[in-house]
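What you see is a predicted model, and the numbers here were worked out from it, not measured in a lab. Note on naming: letters A, B, ... go to the chains in the order of the sequence lines (proteins, then strands), and numbering restarts at 1 for each one.
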Protein chains: 2
Amino acid sequence: MIPTPYLLFLGDAPDPLAAKVAQGIRDWRPENAVGQLRMEGCRADMRLPDMTLAEAREAGAKTLVIGVANRGGVISESWKAVLREALAEGFDIASGLHNLLRDEPDLVAAAQEHGRTLHDVRVPSVKYPIASGEKRSGKRCLAIGTDCSVGKMYTAMAMDAEMQRRGLPSSFRATGQTGILITGEGVPLDAVIADFMAGSIEWLTPDNDPDHWDMIEGQGSLFHVSYSGVTLALIHGGQPDALILCHEPTRTHMRGLPGYSLPSLEALRDTGLTLAQVANAECRVVGISVNTQHLSEAEAEAYLAEVEDRMGLPAVDPYRQGAGRLVEALEAL
Amino acid sequence: MIPTPYLLFLGDAPDPLAAKVAQGIRDWRPENAVGQLRMEGCRADMRLPDMTLAEAREAGAKTLVIGVANRGGVISESWKAVLREALAEGFDIASGLHNLLRDEPDLVAAAQEHGRTLHDVRVPSVKYPIASGEKRSGKRCLAIGTDCSVGKMYTAMAMDAEMQRRGLPSSFRATGQTGILITGEGVPLDAVIADFMAGSIEWLTPDNDPDHWDMIEGQGSLFHVSYSGVTLALIHGGQPDALILCHEPTRTHMRGLPGYSLPSLEALRDTGLTLAQVANAECRVVGISVNTQHLSEAEAEAYLAEVEDRMGLPAVDPYRQGAGRLVEALEAL
């Protein structure tokens, strides 16, 4: 677990999109972020107090989280100077960058000198078991997508937040770098060794109270040939009681695969449910989450109405409309 | 690649079953084995010439292959003495044991001293790419099973051997420890990092002549919750043109999962083909391979006839009947 609260490091982010991790923390766990640290030329702004390292320590921050993607896959010397200073000031550092903090000798030396920890959330820190398939208590919901990056994490986060708002017991379970940095814990599933993928998800979503829901962060897609194995391990390790289908209707081909078209929601429902029922015969598809960001308000409404009618399931865009109806569909199970 | 030919180390195998790896080499690549080395108390026999290390070197052996499982997960001191001597005699050593040769300081030191290589085939030695999904030339066949350990490797090996016998272009592509030791190369898929599973299979089965068949070793099962993700990555990375369904009819539950029953061959066909056609729309299920070792001859014949009639596909036990009809089904595609 990564010590909270955080100071969000935005570095010299060239644009707001580069600061996706910081934005996620700001949106979903604002209580985890005491402030932001921006360098010369930074073009992202989380609308949090700008703080020096010393001010953030004073405000209680325990970890400097790298909330921004770096350019060209190297940790620049200008970043390094700030990171070394942060370690000296008593911060841990957490990062989901591809190039690891632990591979930077000066950061390792500074962390050792000051007794701090470097959290590379892309690398598993746990020896996960092989999945046993044993039935666990409590309930689990998993979002599966027609493609990668269609809003599965957003959907799970929004449903978890809505559950909390209603006073219902729920936990968001992170399975990717961004989710882990937002919540401070989870499984970096894409970096787990093949044999232990499903077991890592059993570990992540253990026995719980009968009415408690784990909202498991989805990954990849059963229909995305690069990552489908990760998705199926998530379905079988998670043994969900409820599936949410996620879709982005304007996409013309699978992400990163120009020759591959998206499956229909019906195909996703049928294949996803067949496979999910191997691990949990009671599993049901309860709703559809559509990312309508590229549609006008009127187009989005028409599209959602058409899908809802065709599929016989509540179809919502949780960003535009909130996740209330999806949570109600869970509660109705 | 592991240098061939081999001397097969049978150690103090308590029974013939413990020497499964040696048996596989003996059965499928007899030209790779110049002899066997057995220690006091060994109860396995490959009916190969018993040789000392020196005799085997003289006969041209380049690698000592550990063809036997060890007891209790430790490499015993009595084995170690032979292994150190083998390195001194000029052998490489290859092993699929869970406990790695490279974790034994005395073996590492002896290998360094004598300029030899320790091949731990459980550990990937290649940095695999993320799968691109691009269509490759040549043809590919993959065996998928209703469960783990139902004869997928045997089926692919038997089909490859039958292709060779008929003078047809074919390569067995190993995806597990035993297969890699038998052929000297392959991908240890269960040890690959999640994100690179499908890419490792693309790497393993590259572009080839239009009439060449890769016989890809299957792993796990889409219906085995512990390993299904590995299986799906194999299907999508392999983009097979032909699927063979594998089944063992007397099994009462999924291997290692007492609460899980086996899927029907129809369910395997439908789900397997749906997913395979994501990567290759032309993929077809061409035959069924049944492991009838626990049935009498008459029971086996009756069972195969019933399956063949029900499924409308050739159903054979390649161990009893050879793989001829499966190869003919491929050629008819």
Would you name the heavy atoms of [X] and [Y] that are closest together and state the gap between them?
{"X": "A131(B)", "Y": "S226(A)", "result": "O-OG, 2.7 Å"}
{"X": "H224(A)", "Y": "H236(B)", "result": "O-ND1, 4.4 Å"}
{"X": "V225(B)", "Y": "G133(A)", "result": "CG2-CA, 3.8 Å"}
{"X": "A194(B)", "Y": "D190(A)", "result": "CB-O, 3.5 Å"}

Exercise. Taking every heavy-atom pair that is under 4.5 Å apart, which of L257(B), D270(B), L275(B), V192(B) has the most such pairs with chain A?
Worked result: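 Answer, by heavy-atom pair count under 4.5 Å with chain A: V192(B).
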Problem set entry | Contact leader toward chain A among G259(B), A279(B), G229(B), where contacts are heavy-atom pairs under 4.5 Å |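 Going by pairs under 4.5 Å, I would pick G229(B).
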Separation between [atom1] of [X] and [atom2] of [Y], rounded to the nearest 0.5 Å:
{"X": "F223(A)", "Y": "Q277(B)", "atom1": "CZ", "atom2": "CD", "value": "11.0 Å"}
{"X": "L232(B)", "Y": "S228(A)", "atom1": "CG", "atom2": "OG", "value": "3.5 Å"}
{"X": "L222(A)", "Y": "T274(B)", "atom1": "CG", "atom2": "OG1", "value": "11.5 Å"}
{"X": "I193(B)", "Y": "R122(A)", "atom1": "CD1", "atom2": "CZ", "value": "12.0 Å"}

Exercise. Side chain, backbone, both or neither: which part of E202(B) has an atom under 4.5 Å from a heavy atom of chain A?
Worked result: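 No part of it gets close to chain A.
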Exercise. So which part of S132(B) gets closer than 4.5 Å to some heavy atom of chain A, the side chain, the backbone, both or neither?
Worked result: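 For S132(B), the contact with chain A is made by the backbone alone.
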Around atom [atom1] of [X], are there more than 12 heavy atoms of other residues, nucleotides or ligands at under 6.0 Å?
{"X": "H98(A)", "atom1": "NE2", "result": "no"}
{"X": "R173(A)", "atom1": "CZ", "result": "yes"}
{"X": "K135(A)", "atom1": "NZ", "result": "yes"}

For this session: Could you check which of L189(A), L234(A), V230(A) has the highest count of heavy-atom pairs closer than 4.5 Å to chain B?
Result: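 Most heavy-atom pairs under 4.5 Å with chain B: V230(A).
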